[in-house]
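Sequence lines set the chain letters: A, B, ... in the order given, protein chains first and strands last, and positions in each chain run from 1.
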There are 2 protein chains.
Amino acid sequence: MDERARHLLKSLIEQHIAKGVPVGSRQLARDAGLNISPATVRNVMADLEDEGYLISPHTSAGRIPTHVGYRFFVDALLRVVPLSAESNRLLIHRIGFRAPDAEQVLHAATGILSELTHMAGFVRVPRRATRILRHVDFIALREREVLAIFVTDKGDVENRLIRTEQPFGAAELTQAANFFNATYGGRPLQDVIHNLQRDLQQSRHEMDRILRSAMELGEEMLEEDQQRMLIEGEFQWLDLPELAGSERLRELLAAVRQKRDLVHLLDESMRGSEVRLFIGEESGYAPLSDCSVVSAPYSVDGEVVGVLGVIGPMRMPYQQIIPLVDGTAQLLGRALSQSG
Amino acid sequence: MDERARHLLKSLIEQHIAKGVPVGSRQLARDAGLNISPATVRNVMADLEDEGYLISPHTSAGRIPTHVGYRFFVDALLRVVPLSAESNRLLIHRIGFRAPDAEQVLHAATGILSELTHMAGFVRVPRRATRILRHVDFIALREREVLAIFVTDKGDVENRLIRTEQPFGAAELTQAANFFNATYGGRPLQDVIHNLQRDLQQSRHEMDRILRSAMELGEEMLEEDQQRMLIEGEFQWLDLPELAGSERLRELLAAVRQKRDLVHLLDESMRGSEVRLFIGEESGYAPLSDCSVVSAPYSVDGEVVGVLGVIGPMRMPYQQIIPLVDGTAQLLGRALSQSG
DNA sequence: CTTGGCACTCAACCATCATGAGTGCTAGTA
DNA sequence: TACTAGCACTCATGATGGTTGAGTGCCAAG
């Protein structure tokens, strides 16, 4: 592909992103800034179409980029602009300076992504598999009901009600918690569960029931964790002419509610530390075949713990979205590192 | 209004609920079962229109009920059918038999409301103002970071990170927690906050900083509580021809995201113990002027703690929705009473 | 009071037509 | 050889106008 073709492709995609309608040869010839006639542009476009970068919705309707075209665009043509001062200030204001607890920071990040991009924003919450168990508490709520509370080193708190067969007194429970903390505290959660399983098989202590339930809670924390994802701003999709009023929108909404496959896709993108794009069919996930996902992993204390980003139409202003997602990921990581 | 007019109004509304289109005199005359000509029906309908129960979208389009019409319908004409055995079984299955923790039960209730009614379901979560403080824990996460955990008698757990100026050791924190529990444990949360404020003004204990933060946390629990509402299934509104593709849908979505006014409306409906309906403009809340809200308060241990229900078009099958919302409220109350 | 009849209204549907944006192709030009 | 002008063709879009059918209001007769 020669220089001129690249320039035209870039110009076409930019126009299509801006306007949302197919771009014709006349307009492209005018706006591309080259002194070139529409006919010449048509020749170039025909070539680009042959090579799979463009497609015509119908015979006389100009061209729109394919996912291959977008891919080439972002890889080879796009110059990512740095985050605007205004956006940056907003990000810092919304994420950086408010860290009362991790959950709220995550919510704030999801919201701000959606607001600034006018698309759906998501945050895959930190996984706790490698988190360290900080503290366990057993509290007697009523007869035969014990509330178990787990705290990890990052301040995540998880709790669960356990029904027991015998009643336990407060003193007994405190003792159990002390034992638990002394034995398993300060170890990674998965180790705790593993050891607990082993230990429970050996001993037949009267506390077994509670410990076993605590173990299940721990397992659940790891398990549930697989699915946890915040998503916000799906309603922004209503504005998009390419989706609006069709079955596709419904499918998409159902898909993000389902979350399962989406989470799988995102876990993929947690490898590496860069912003990553899934354009159209690239995600390999049918309901997303008209959409793009821009994601970036975020790190706490140097370790990648989650991923965030936005989901929107293929036609999205990548040059702004990419730095925004990137910036949000970095700020979120920093905010979480601070807040623990 | 005579017996015949009532019968026709009832029949008209039922047909409109079923079909969603304006009902004309011919069809109404046929389906009402009375041996009456369309012309007669027209006379009756004209009267009903004068009295504000019906309205014509345009000159030749049959009639649809106004919110006054629906109100009369539900108050005077509707015979609520008992919950179908199938729905009841489903409810019990989804809410009754699963009570690992309160949060999940609430989510389950929201989901099942939305699923069974094909509308948006909501659950206003229990308010904790009157809850009794069961247990407080302070855990040192890092230097100068303390995690405070509150547990109420119903098993709600709330946590918050507190930054302190001086570092605290684990022993100190344990001592502080013990003191806190001894002094304030077993009292209603609002009393705790009140007393705490008083006590802090009097004494200048070295623990003040932590206690003050704990107090703030307590206040926040009550505060944030004002806003908490789960809502699910807004996307069901996409199916409705009366809303679809219009600005109204957008407004509605924005309104439920905002929550504030909605929560206010629902708090109103917590007085009393019956199912309550807000039909159209009755809610006094503009974005809901095309919608109805069916709500029912739910009680734990005899005390009303929250309210749940559905939000959908005025044209909803009230005879099924009402018992469903009612039943869900009762089951939820029971489930929460069990699970603590 | 009820009913049949009649004139009228109006949304919805359909076919038709003009418009204009856009294309591919070809032949001529720099 | 690369570019351009011209031309015939395609096709979505939007306007126009007629038809249909459901529905109404009103009136006069039963």
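- Among the atoms of the strands shown, none is found under 4.0 Å from any heavy atom of B:D2.
- Residue B:R260 qualifies as open at atom CZ: its count of foreign heavy atoms under 6.0 Å is 12 or below.
- For the pair B:N43 CG and D:dC27 P, the computed distance is 12 Å after rounding to whole Å.
- D:dG23 atom C1' lies 9 Å from atom CZ of B:R63, rounded to whole Å.
- When each of C:dT3, C:dT2, D:dT4 is scored by its nearest atom to the side-chain atoms of A:S37, the top-ranked nucleotide is D:dT4.
- Residue contacts for B:T59: at a heavy-atom cut-off of 4.0 Å it reaches the sugar-phosphate backbone alone, with no base atom in range.
- If you take CG of B:D47 and P of D:dC26, they are 12 Å apart, rounded to a whole angstrom.
- Not a single donor-acceptor contact under 3.5 angstrom links the side-chain atoms of A:R26 to the base of C:dG22.
- The closest side-chain donor-acceptor pair between B:H67 and B:Y53, if any, does not fall under 3.5 angstrom.
- If you take CZ of B:R30 and C1' of C:dT3, they are 18 Å apart, rounded to a whole angstrom.
- For the pair A:S25 and B:P38, both in contact range of DNA chain C, the more 5′-proximal nearest nucleotide belongs to B:P38.
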Steps toward salt bridge (charged side-chain N to carboxylate O under 4.0 Å, His left out) verdict (A:R257, A:E234): CA-CA 10 Å; A:R257 278 179 56 79; A:E234 301 98 318; over 6 Å; no
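- Spacing between atom CD of A:Q27 and atom P of C:dG20 amounts to 17 Å, rounded to whole angstrom units.
- Counting to the nearest Å, the P atom of C:dT23 and the CD1 atom of A:I55 are 14 Å from each other.
- A straight line from CZ of A:R4 to P of D:dA2 spans 10 Å, rounded to a whole angstrom.
- Within the 4.5 Å cutoff, side-chain heavy atoms of A:W237 are placed close to those of A:V256.
- Residue-level contact check: A:S60 touches the bases, meaning some heavy atom is under 4.0 Å from a base atom.
- Taking the charged nitrogens against the carboxylate oxygens, A:E268 and A:R276 have no contact shorter than 4.0 Å, which rules out a salt bridge.
- One atom, CE of A:M45, and another, P of C:dG22, lie 9 Å apart when rounded to the nearest Å.
- Using a 4.0 Å cut-off, no side-chain N or O of A:R42 falls inside it from OP1 or OP2 of D:dA5.
- Out of D:dA5, D:dC3, D:dA12, the shortest distance to the side chain of A:T40 is found at D:dC3.
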